[in-house]
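A quick write-up on the structure given underneath.
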Amino acid sequence: MLHDARIFSIGHAHRVRFEAPDVVVLAWNGDVEPEHMLTFYDMLEERAQGRQVLVVNDLTHSKDPGARTRKVATMDPRSRLVGALALLGANYRLRVLVAMMDKAVRVFQGQTRRTACFDDEREARAWLATQRQFLTPVDLASAS
């Protein structure tokens with residue numbers, strides 16, 4: 001479903017990789033602009049084929065997303081494609097921002113996304129594997 005051995009670029013610094021059957025590895029490096037988030041959602045929509053995925057989001061080298069980026073991240077109906085989110089290397093401020101964004105997704109998209117923070121990718125992937133059972137289809141056509 002999602003497999004693609006290539007690493008895709010978003011902007012000049014961000015990277016994304018799709019792993020079968022349903023894992024997305026995303027590394028935000030530096031500033032995340034609204035257009036970067038939209039590009040990520042475009043890629044996700046194309047490859048997820050209407051089903052939620054598990055996301056490993058490496059924030060080790062990321063800066064805090066600005067208000068416009070946070071709005072795009074939470075208001076876009078394609079945010080519902082993220083069934084579970086494992087954050088790597090998120091500092092305290094980023095953890096708080098993501099918690100707030102999760103609340104916004106719950107309010108605006110009606111989704112309770114499962115999110116957890118990790119310092120180790122192996123632990124993040126193990127947790128995501130336990131979340132696979134909760135993934136569901138997503139009807140984006142009805143959300144437009």
(Q) Go through it in stages, so that I can follow the logic: the residues are Glu121 and Asp58, the test is side chain to side chain contact (heavy atoms under 4.5 Å, CB included), and I'd like the CA-CA distance, side-chain angles, deciding distance and then a yes or no. (A) CA-CA 9 Å; Glu121 185 173 347; Asp58 185 349; over 6 Å; no
Q) Under the side chain to side chain contact (heavy atoms under 4.5 Å, CB included) criterion, do Arg17 and Phe8 qualify, and how do the steps go? A) CA-CA 6 Å; Arg17 183 176 71 246; Phe8 296 90; over 6 Å; no
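Ion pair Arg125/Glu19 flagged as a salt bridge, since at least one NZ, NE, NH1 or NH2 atom sits closer than 4.0 Å to an Asp/Glu carboxylate oxygen. At a threshold of 4.0 Å, the pair Asp42-Arg78 counts as salt-bridged, since one of the basic side-chain nitrogens sits closer than that to a carboxylate oxygen.
With Pro65 as the partner, the side chain to side chain contact (heavy atoms under 4.5 Å, CB included) test is satisfied by one option alone out of Arg70, Met37, Glu33: Arg70.
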Which atom pairs, one a donor and one an acceptor, fall under 3.5 Å between side chains of residues 89-98 and the rest of the protein, sequence neighbours left out?
from: Asn91; atom 1: OD1; to: Arg93; atom 2: N; distance (Å): 3.1
from: Asn91; atom 1: OD1; to: Leu94; atom 2: N; distance (Å): 2.7
from: Arg93; atom 1: NE; to: Asp64; atom 2: OD2; distance (Å): 2.2
from: Arg95; atom 1: NE; to: Ala90; atom 2: O; distance (Å): 2.9

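Under the 4.5 Å side-chain criterion, counting only non-hydrogen atoms from C-beta, Met43 is in contact with Phe18. Side-chain contact between Val53 and Leu135 is absent, with no heavy atoms from C-beta onward closer than 4.5 Å. Counting heavy atoms from C-beta on, the side chains of Phe40 and Val16 come closer than 4.5 Å. Two residues are said to be in side-chain contact when any heavy atoms from C-beta on lie closer than 4.5 Å; Leu140 and Glu45 meet this criterion. Using a 4.5 Å cut-off on side-chain heavy atoms (C-beta onward), Ser62 and Asn29 make no contact. With contacts defined as side-chain heavy-atom distances shorter than 4.5 Å, the pair Leu26/Trp28 qualifies.
Annotation: salt bridge (Lys or Arg N to Asp or Glu O under 4.0 Å) contacts of Glu123 (sequence neighbours excluded): none.
Residue His12 comes nearest to Arg15 through the heavy atom pair O-NH2, 3.5 Å, listed as atom of the first residue, atom of the second, then distance.
For the atom pair CG (Leu38) and OG1 (Thr69), the distance works out to 9.0 Å, reported to the nearest 0.5 Å.
Counting only N and O atoms by type, the side chains of Thr136 and Arg51 include no donor and acceptor under 3.5 Å apart.
His14 and His36 have perpendicular rings, their planes meeting at more than 60° on a 0 to 90° scale where under 30° would count as parallel.
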